[in-house]
Protein chains: 2
Amino acid sequence: MLKKPEDCIFFQLAKAAQAGVRYWTSRISHLGVTAVQGLVLAFLADQDRVSSARLGQRVQLDSATLTGILDRLERLGFVKRHKNPKDRRSILICLTDDGKRVAREIIRISREANESFLKDIPEEDEFLFRSVLVRLAQGE
Amino acid sequence: MLKKPEDCIFFQLAKAAQAGVRYWTSRISHLGVTAVQGLVLAFLADQDRVSSARLGQRVQLDSATLTGILDRLERLGFVKRHKNPKDRRSILICLTDDGKRVAREIIRISREANESFLKDIPEEDEFLFRSVLVRLAQGE
DNA sequence: GGCTATTTGCTTGTATGCAAGTAAAATCCC
DNA sequence: GGGATTTTACTTGCATACAAGCAAATAGCC
């Protein structure tokens with residue numbers, strides 16, 4: 001922390017991310033899903049019938065965490081676990097029809113939500129900001 | 001999400017913050033504290049003998065969350081809850097001698113950790129990046 | 001073929017976050 | 001002065017995160 005603890009990058013990152021989760025949650029909670037559940041549905045809409053391991057790599061979620069999230073998405077009726085005939089260890093995560101509908105709506109909402117969350121950030125700063133985020137996320 | 005879910009700002013923020021927490025954790029875990037516990041100790045080193053409410057405002061932590069964190073810091077012997085003679089509802093959070101030692105060490109580590117976490121980010125980009133983080137964190 | 005190492009999804013235990021609600025104490029307002 | 005409102009710290013319940021470890025299944029290697 002330079003002069004104050006508030007200057008610590010880990011604090012600043014955590015609080016900005018929390019603000020993002022709060023905002024994103026407020027935009028999709030009426031669909032009955034949480035922020036993370038909504039992101040997982042969006043990833044599944046982009047690539048369906050994937051193994052839990054592959055989905056976890058894509059969403060960058062621990063297998064322990066993902067198991068719980070899939071449990072809840074399955075209980076909500078948005079997702080189903082299917083057997084993988086090619087590999088009896090793995091499962092194939094599939095969106096249900098309901099899941100597909102909700103996922104499409106989430107993707108629609110996300111466009112507007114991204115824009116309005118960043119409305120006070122000049123366009124030319126946004127590109128740099130996002131690229132730093134991605135660089136830091138990869139960073140190790 | 002523009003073309004891909006990975007482009008969603010809420011996803012990018014969350015993953016960058018997670019990487020930050022992982023890095024920060026790896027730097028201070030030998031002291032026996034978690035990432036958040038370490039930040040709370042740093043805030044207490046900056047301002048000791050504060051009420052839980054005031055500390056919560058400063059660290060931007062929910063009172064429910066802070067209660068648990070203080071429980072664990074107290075169990076570790078780094079913090080003590082004292083009565084506030086001026087207001088019997090509130091408590092004064094105080095660093096113990098051990099807590100002060102650890103907090104000083106954490107602050108020392110944080111300088112190097114901030115620098116090395118951001119080592120691939122050009123200086124001129126860092127200022128803009130941090131200012132956007134702070135703006136988004138306040139944003140509502 | 002058969003033994004070993006790896007992969008896969010899961011469980012358990014701990015630590016945040018946050019919504020909702022509580023009891024005690026202080027404050028407001030007439 | 002005293003009732004209504006607000007503040008304070010806490011509790012409960014749920015949803016991530018992640019370390020550690022498990023059993024079943026597959027892949028690698030001799």
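Per chain, numbering begins at 1; letters A, B, ... match sequence-line order.
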Quick one: is [X] getting a side-chain N or O under 4.0 Å of the [N] phosphate, OP1 or OP2?
X: A:Arg22; N: C:dA19; result: no
X: B:Gln37; N: C:dT16; result: yes
X: B:Arg89; N: D:dT6; result: no
X: A:Thr34; N: D:dT16; result: yes
X: A:Arg88; N: D:dA24; result: no

Notebook entry, point to check: Are B:Val102 and B:Glu105 close enough that some pair of their side-chain heavy atoms sits under 4.5 Å apart?
Noted result: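 Of all side-chain heavy-atom pairs linking B:Glu105 with B:Val102, none is under 4.5 Å.
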Notebook entry, point to check: If we only count heavy atoms from C-beta on, is the A:Val132 to B:Leu118 side-chain gap below 4.5 Å?
Noted result: no
If you count the non-hydrogen atoms of other residues, nucleotides and ligands that lie under 6.0 Å from [atom1] in [X], is the total more than 12?
X: B:Glu115; atom1: CD; value: no
X: B:Arg81; atom1: CZ; value: yes
X: B:Glu123; atom1: CD; value: no

[N] [atom2] sits how many Å from [X] [atom1], rounded?
X: B:Ile93; N: D:dT8; atom1: CD1; atom2: P; answer: 13 Å
X: A:Gln18; N: C:dA19; atom1: CD; atom2: P; answer: 11 Å
X: A:His82; N: C:dT8; atom1: NE2; atom2: P; answer: 20 Å
X: B:Asp71; N: C:dA15; atom1: CG; atom2: P; answer: 11 Å
X: B:Leu73; N: C:dT16; atom1: CG; atom2: C1'; answer: 13 Å
X: A:Phe10; N: C:dT16; atom1: CZ; atom2: P; answer: 17 Å
X: B:Gln60; N: C:dG17; atom1: CD; atom2: P; answer: 11 Å
X: A:Asp87; N: D:dT26; atom1: CG; atom2: C1'; answer: 6 Å

When you measure from the side chain of [X], which nucleotide among [options] comes out closest?
X: A:Asp62; options: D:dC18, C:dA25, C:dG17; value: D:dC18
X: B:Arg72; options: D:dA9, C:dT16, C:dC10; value: C:dT16
X: A:Ala53; options: D:dT16, C:dG9, D:dA9; value: C:dG9
X: B:Thr67; options: D:dA17, D:dT11, D:dT8; value: D:dT11
X: B:Arg75; options: D:dT16, C:dA15, C:dG9; value: C:dA15
X: A:Ala64; options: D:dC18, D:dT8, C:dC18; value: D:dC18
X: B:Ile91; options: D:dC10, C:dC10, C:dT16; value: D:dC10

Toward the 5' end of DNA chain C, by each residue's nearest nucleotide, A:Lys15 or A:Leu70
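Whichever sits nearer the 5' end wins; that is A:Leu70.
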| query | Should the pair B:Trp24 and A:Phe10 be assigned to parallel (<30°), tilted (30 to 60°) or perpendicular (>60°) ring geometry? | reply |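 If you compare the ring of B:Trp24 with that of A:Phe10, the planes turn out parallel.
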Pick base, sugar-phosphate or nothing for [X], based on heavy-atom distances below 4.0 Å to the nucleic acid.
X: A:Arg54; answer: nothing
X: B:Ser52; answer: sugar-phosphate
X: A:Leu61; answer: sugar-phosphate

Base D:dC18 to side chain A:Thr65, donor-acceptor N/O within 3.5 Å cut-off | no
Ranking B:Leu92 and A:Lys86 by the position along DNA chain D of their nearest nucleotide, the one closer to 5' is B:Leu92
